[in-house]
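Accompanying notes for the structure given below.
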Number of protein chains: 2
Amino acid sequence: MSTIGKALTLLDAISRLEKEAGLSDIARHCGLDKATARRFLVELEKHGFVEQDMETRRYRLGGAPVRLARIRETRFPYLSVATPFARELASLTGETVHLSEHAAGRLSTIHVEDSQRAHRVIVDIGSILPFHATASGLGFLAFCAQKDIDAALSVPLQAYTDQTLTDPTALRQTLGETLRRGYSICHHGLETGVVSVAAPIRAPGSLPVGAIAVAAPSTRAEKETVEQMGRAVMATARRISERLFGLEQVAADPLARRAG
Amino acid sequence: MSTIGKALTLLDAISRLEKEAGLSDIARHCGLDKATARRFLVELEKHGFVEQDMETRRYRLGGAPVRLARIRETRFPYLSVATPFARELASLTGETVHLSEHAAGRLSTIHVEDSQRAHRVIVDIGSILPFHATASGLGFLAFCAQKDIDAALSVPLQAYTDQTLTDPTALRQTLGETLRRGYSICHHGLETGVVSVAAPIRAPGSLPVGAIAVAAPSTRAEKETVEQMGRAVMATARRISERLFGLEQVAADPLARRAG
DNA sequence: AAGCTAAGGTTCAAATAATGAACCGAAAGA
DNA sequence: TCTTTCGGTTCATTATTTGAACCTTAGCTT
């Protein structure tokens, strides 16, 4: 792997760690030599991607990604467009709603609207959603090209619970149903006792950019409720997609035509 | 410079470019060989920091920083705490308010609340604010340690307008006044016809983490108005700082004590 | 339509930067 | 007090990065 790749993998490791971490910890966690880890950290710190606490000497995520994220958001306002819809969906369903974005071949949680109920599902911002074991993953993958599906199912599929689907053939069938239905359903895929439904956010005829999902405790998820939530999440995903891509196309098409 | 440094510099260059850019463009812009630039871009793309448009083959900022930024925001909720105060200040003053964060030795604009007036100051999200030529920069620097001030003033200081202060001695005096006053004032430092005031956001007795500023057309900025805006921005900065650091200290201190 | 230019992308010997075992001093635990 | 572990550094060895030259394609000019 290239040095850049290793450094970005280290950055990813830091982002997964709870709170701050020491040099030796980080090095162990990434399978890097202490000296190497330190060089990477120093370099990342120079550019603001990590920070070092001067007292504890521990390292944490820096502020540089904030600037980049805000710039991306001005060019492609995914969060600011989708967040109000997510809030509306959370209020409508009374359950936790989360929004994910596809980047680097992974689906990352980038926003959560918590359910107001005492008994609710907790989703962490920044958590990676496995394709085969979450409604978001299945809802995203079902609308991808066949080669992307093949790629996602050709890696070892971890069984997070005793009900996680890990058989590629069964998963392909689930994806087919999802595609026909328009939204995905996932029972106890990542955690026991959680049912979730999701739908992709996408330009028509194009690869999805992310997904929106509703997650509920299975005690509140009878068949009919799941179907209601599914239709709601599908409708919401469509509205977000239209706002993101529909209007943009109208505005951008003449320019694209001129350029071509 | 290390490979990592070069790659992150390339990423920074992409973030500064308007819209997307081609390979040769990017390579030229960074003074890198085309082959090298490509290797970096491929590596950055693998990790989601850049994206390539499959049709135009042009490169743009990717989605990975969004995840990192959201994670940082959950650990240090700078934006979500400061934004409502910025909005309130914008409504109070009727002028454009912007919020900046210090990372990698630079002050970057990470949020803007636009003035509702037709004649108003525009500030771009993501723009870098020079220390010597903006109210944010001066307001930040005035509250830094002497060595940081020395470092900031020892680089060549660009004159953006014919009224930009570039003399270190004069700037040191301005910083002294700013420190005593509690907020900075900058007339026509970065652009002619713009007056702005700013105050640092900081833990008591610690290095600032950023600044908040109000920018107004100079036609609306008489002495008294500037003083009003200055007092308002200072009060707002203090309230943000208290919310960020005051409560946290109360909550975190016992833990810190236990660990120590 | 032929010819030209510049684009994106690739190759491989030469040049350079990354690597990690061994080391240091400090501090926390036994 | 002794031991371990921490953050951090050094430098000869090693592996990776580098970039001139190359290929192919797309758009422009003649």
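Protein chains get the first letters and strands the later ones, always in sequence-line order, with residue 1 at the start of each. Small disclaimer: the values here were computed from a predicted structure and weren't measured.
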Stepwise side chain to side chain contact (heavy atoms under 4.5 Å, CB included) check, A:Y160 with A:E191: CA-CA 7 Å; A:Y160 297 94; A:E191 199 155 328; over 6 Å; no

Let me know the distance between [atom1] of [X] and [atom2] of [N], rounded to the nearest Å.
{"X": "A:R57", "N": "C:dG25", "atom1": "CZ", "atom2": "P", "value": "17 Å"}
{"X": "B:R58", "N": "C:dG8", "atom1": "CZ", "atom2": "P", "value": "8 Å"}
{"X": "A:L10", "N": "C:dA18", "atom1": "CG", "atom2": "P", "value": "15 Å"}
{"X": "A:L23", "N": "D:dT5", "atom1": "CG", "atom2": "C1'", "value": "12 Å"}
{"X": "B:M54", "N": "C:dG8", "atom1": "CE", "atom2": "C1'", "value": "12 Å"}
{"X": "A:D25", "N": "D:dT5", "atom1": "CG", "atom2": "C1'", "value": "12 Å"}
{"X": "B:D53", "N": "C:dA7", "atom1": "CG", "atom2": "P", "value": "18 Å"}

For a quick test of reading the model: is some side-chain N or O of A:R38 closer than 4.0 Å to OP1 or OP2 of D:dG8? yes

OP1 or OP2 of D:dC6 versus the side-chain N and O atoms of A:Y59: is any pair under 4.0 Å? no

Looking at every heavy atom in both A:A152 and A:L157, which two are closest together, and how far apart are they? O-CD2, 3.8 Å

Do B:T3 and A:T3 meet the criterion of a side-chain donor-acceptor pair at a distance under 3.5 Å? no

Could you verify whether a donor N or O on one side chain and an acceptor N or O on the other, from B:R39 and A:S2, lie under 3.5 Å apart? no

With distance as the sole test, does B:H102 use its side chain to make a donor-acceptor pair with the main-chain N or O of B:S108 at under 3.5 Å? no

Using a 4.0 Å heavy-atom cut-off, does B:E43 contact any base of the nucleic acid, only the sugar-phosphate backbone, or nothing at all? nothing

Under 3.5 Å, which N/O atoms of the protein pair with N/O atoms of nucleotides 15-22 of chain D?
| from | atom 1 | to | atom 2 | distance (Å) |
| --- | --- | --- | --- | --- |
| D:dT17 | OP1 | A:T3 | N | 2.8 |
| D:dT17 | OP1 | A:T3 | OG1 | 3.2 |
| D:dT18 | OP1 | B:K6 | NZ | 2.6 |

Specify whether A:F49 and B:F49 have parallel, tilted or perpendicular ring planes, treating 30° as the upper limit for parallel and 60° as the lower limit for perpendicular. perpendicular

